[in-house]
Amino acid sequence: MKMTSFFAPTLRDDPSEAEVISHKLMLRGGYIRKLAAGIYSYLPLGWRVIKKIEEIIRKEMNEAGAQEVLLPAVQPAELWKQTGRWDVYGKELLRMKDRHERDFCLGPTHEEVITDLVRNNVSSYKDLPLMLYQIQTKFRDEIRPRFGLMRGREFIMKDCYSFDRDPEGLRISYEKMEAAYRRIFDSCGLRYRVVNADPGAIGGGFSQEFMVTAQTGEDEIVHCSHCSFAASKELSKIETDNSCPKCSEGVLKVERGIEVGHIFQLGQKYSSSMNAEFLDETGARRPYVMGCYGIGVGRTAAAAIEQNHDQNGIIWPMQIAPFHAALVPVNSSDPIQSDTAKVLYEELTALGLEVLWDDRDERAGVKFKDMDLLGLPVKIILGKTLSEGKVEVSVRSSGEKILMSPSEVKHFKPFDPYLRKRTV
RNA sequence: CGGGGAGUAGCUCAGCUUGGUAGAGCACCUGCUUUGGGAGCAGGGGGCCGCAGGUUCAAAUCCUGUCUCCCCGACCA
């Protein structure tokens, strides 16, 4: 993509409406724009990041045996009345009426809809287990939306639901999901902890949260300095600096985190109230044993920024960066630089690499500042070293700069996983 | 919803106390110079001062109402 034709309106000043770093940087970098409180447009850069995260999620969900569906965002009140949540959910549920004065709501979550779908179309134990997921825009009329994508009212969420015949089946489905979640956040290049949590309004029994660690996180996590023990602070009621209840070798420390995923063992909460049942081998009717598994996609992007940034801007992990590299000819009026840029751009792009070519007629400083703000993992700089036949490859996270010939750029290690493998 | 703060150009803000008909920096457009970390000079475009009403000869400025946005609390991916 050429910068001159790319829609990425960057700002020099922090917008006054933004308080947290991810919100500031996403606005400044031209990733998002606000339409109303807690409601944002994703600009090309922001949408690219969202799609990267979504693809990682899809891959792991599919491999875990879940199948992708897309459920309606607009849902009839009747379903919500069956589970009692029409009255319980409160003002967070955005309600509306159609032209016939029938009650509807904008889905904040989809337990009712998915349970309805499955009860109407699955009736035998032979069809279980079943795992279905979707990636969709949710709406929750939060009392106080804030921090940009961190807590929006409209937000993109991956929600997955498992249907099993018994608690043992649920345990297996849940463990598959937990493992898939670990792979997802690993693949996103994030550091995180898995903590035992309070199921809250969704209900059910056991639940765990996936917390991306960052000093700016809203939640406090107690974790062991020695083993993998971790719990949310309010739930654990454990004092810090005590010894670990699990391994007793480590000492408990507090850390801050951002909740990006939450997985629940729901049990029969929804299937019972909605009469969602299957027939077992004996012909007996039994309610499904359910689990549900959510990931905040936009929040994951925001959390990645909270965890990975510096004074100059975002530092994306390569896996979810909107582009793998920035191509920066320092002086755009230098024909050697622009010719080399064109050749390199075409070569790298043909190999499958996503390159943002800063072909603007700007001074070097402007381009460097902008590319650092955007947080692209690698800058390929064509400048004074070009007279010696070298380009400079600069790593955003470490500041490391490596001189190499233009033809060597495609062999730069960090690009490896993203190169289209050619059949020989 | 309770408490606090703010709405003036695309962004950051000044002007408001003491009413006299709107400014700066950045961004944008044109020209010239410049080209390795947010350049310089010259010229230019852009704002019914959130909205409605009131006071006044006169309102960005004073008064009333209203909407929106942000921060702290309860909620959550």
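Lettering follows sequence order; numbering is per chain, from 1.
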What's the closest nucleotide to the A:Glu92 side chain, out of B:rC75, B:rU35, B:rA77? B:rC75

Checking all strands, does A:Lys34 fall into the base, sugar-phosphate, or nothing category for heavy-atom contacts under 4.0 angstrom? sugar-phosphate

Quick one: label A:Ser394 by what it contacts on the DNA or RNA (base, sugar-phosphate, nothing), any heavy atom closer than 4.0 Å. nothing

Does A:Arg28 contact B:rG10 through a side-chain donor or acceptor facing the base, at a distance under 3.5 Å? no

How would you label the contact of A:Asp370 with the nucleic acid (heavy atoms, under 4.0 Å): base, sugar-phosphate, or nothing? base

Counting the atoms with a prime plus P, OP1 and OP2 as sugar-phosphate, which does A:Ile295 contact under 4.0 Å by heavy atoms, base, sugar-phosphate, or nothing? nothing

For the C1' atoms, the ones on B:rC16 and on B:rG23, what distance do you get once it is rounded to whole angstrom? 14 Å

Within the structure provided, determine whether A:Thr216 and A:Val20 are in side-chain contact (heavy-atom separation under 4.5 Å). no

With rounding to the closest Å, how many angstrom separate the P atoms on B:rC48 and B:rA60? 13 Å

Could you work out which one of B:rA77, B:rG36, B:rC1 sits closest to the side chain of A:Glu392? B:rG36

Could you check whether A:Glu17 gets within reach of a base, just the sugar-phosphate, or nothing at all, counting any heavy atom under 4.0 Å? sugar-phosphate

Which comes earlier along RNA chain B counting from the 5' end, the contact point of A:Gln337 or that of A:Arg151, where each point is its nearest nucleotide? A:Gln337

Heavy-atom distance under 4.5 Å between the side chains of A:Lys367 and A:Ser332, does that happen here? yes

Considering only heavy side-chain atoms of A:Val330, the closest of B:rC76, B:rG36, B:rC11 is B:rG36

Residue A:Glu142, side-chain heavy atoms: nucleotide from B:rG37, B:rC76, B:rU35 that is nearest: B:rC76

Rounding to an integer number of angstrom, what distance separates B:rA77 and B:rC49 when you compare their P atoms? 44 Å

Euclidean distance, atom CG of residue A:Leu373 to atom C1' of B:rC11 [Å, nearest integer]: 13 Å

Touch class at under 4.0 angstrom, heavy-atom based, for A:Gly152 against every strand present: base

With the sugar-phosphate defined as primed atoms, P, OP1 and OP2, and the base as all remaining atoms, what B/S/- string results for nucleotides 26-31 of chain B, 5' to 3', for protein heavy atoms under 4.0 Å? SS----

Hey, does A:Gly261 reach any base, or is it just sugar-phosphate, or nothing, if we go heavy atoms under 4.0 Å? sugar-phosphate

B:rC62 versus B:rG19 - spacing of their P atoms, nearest Å: 9 Å

Distance in angstrom units between A:Asp219 CG and B:rC75 P, rounded: 11 Å

Distance check needed: B:rA77 P versus A:Gln136 CD, whole Å only. 15 Å

Paired with B:rC62 by Watson-Crick or G-U wobble geometry, both distances under 3.5 Å: which nucleotide is it? B:rG54

Show your reasoning for whether salt bridge (Lys or Arg N to Asp or Glu O under 4.0 Å) applies to A:Asp159 and A:Lys138. CA-CA 10 Å; A:Asp159 47 326; A:Lys138 305 287 192 222; 2.9 Å; yes

Heavy-atom side-chain contact between A:Phe163 and A:Ile114 under 4.5 Å: yes

Watson-Crick or G-U counterpart of B:rG73, or none if no pair lies under 3.5 Å: B:rC1

What I want to find out is whether A:Arg85 reaches A:Glu111 closely enough, with some N-O distance under 4.0 Å, to be called a salt bridge. yes

Using the P atom as the reference point in each nucleotide, state the distance between B:rU61 and B:rG44 in Å, no decimals. 30 Å

What's the CG-C1' distance between A:Asp159 and B:rC76, to the nearest Å? 14 Å

I need the full list of side chain to side chain donor-acceptor pair (under 3.5 Å) pairs touching residues 172-181 of chain A, with sequence neighbours left out, sorted by first then second residue. A:Lys158-A:Tyr181, A:Asp164-A:Ser173, A:Arg171-A:Glu175, A:Tyr174-A:Gln208, A:Glu178-A:Arg182

From the set B:rC70, B:rU35, B:rA77, return the single nucleotide nearest to any side-chain atom of A:Glu19. B:rC70

Under 5.5 Å between ring centres and under 30° between planes: does that hold for A:Phe368 against the base of B:rG38? no

Determine: side-chain N/O of A:Arg144 to OP1/OP2 of B:rC72, distance under 4.0 Å, yes or no. yes

Touch class at under 4.0 angstrom, heavy-atom based, for A:Phe147 against every strand present: sugar-phosphate

On a whole-Å scale, what distance lies between the C1' atoms belonging to B:rC67 and B:rA52? 10 Å

In Watson-Crick or G-U wobble terms, both distances under 3.5 Å, what is the partner of B:rU68? B:rA6

For the pair made of CG in A:Leu27 and P in B:rG10, what is the distance, rounded to whole Å? 16 Å

A:Glu277 with A:Arg119: basic N within carboxylate O range, under 4.0 Å: no

May I have the distance from A:Glu209 (atom CD) to B:rC75 (atom P), rounded to whole angstrom? 12 Å

Would you mind checking if A:Arg58 and A:Glu55 are paired as a salt bridge, meaning a charged N to carboxylate O distance below 4.0 Å? yes

Would you indicate what A:Val366 reaches in the nucleic acid, counting non-hydrogen atoms under 4.0 angstrom: base, sugar-phosphate, or nothing? base

Any base atoms under 4.0 Å from A:Ser332, or only sugar-phosphate, or nothing? Heavy atoms, all strands. nothing

Minimum side-chain heavy-atom gap A:Phe206-A:Asn196 below 4.5 Å: yes

Atom pair distance, as rounded to whole Å: NZ in A:Lys379 and P in B:rG38: 13 Å

Applying a 3.5 Å limit to both distances, which nucleotide forms a Watson-Crick or G-U wobble pair with B:rU18? none

Does B:rG25 have a Watson-Crick or wobble partner in any strand here, with both distances under 3.5 angstrom, and which is it? B:rC11

On a whole-Å scale, what distance lies between the P atoms belonging to B:rU17 and B:rG53? 23 Å

Does A:Arg299 contact B:rC76 through a side-chain donor or acceptor facing the base, at a distance under 3.5 Å? yes

Base, sugar-phosphate or nothing for A:Asp372? Non-hydrogen atoms, less than 4.0 Å. base

Are OP1 or OP2 of B:rC13 and a side-chain N or O of A:Ser16 less than 4.0 angstrom apart? yes

Taking A:Gln307 for its side chain and A:Arg191 for its backbone only, find out whether a donor-acceptor pair lies under 3.5 Å. yes

Please confirm whether the shortest side-chain N or O distance from A:Arg146 to OP1 or OP2 of B:rG73 is below 4.0 Å. yes

When A:Arg363 and A:Phe210 are each assigned the nearest nucleotide of RNA chain B, the 5'-most assignment goes to A:Arg363

Here the salt bridge (charged side-chain N to carboxylate O under 4.0 Å, His left out) pairs for residues 305-323 of chain A, sequence neighbours left out, are A:Asp310-A:Arg396

Between A:Ile258 (CD1) and B:rC76 (P), how many Å, whole number? 18 Å

Please measure how far the C1' atom in B:rU8 lies from the corresponding atom in B:rC69, and state the result in whole Å. 15 Å

Who does B:rA39 pair with, Watson-Crick or G-U, both distances under 3.5 Å? B:rU33

Please check if any side-chain donor atom of A:Asn62 sits under 3.5 Å from a side-chain acceptor atom of A:Tyr133, or the reverse. yes

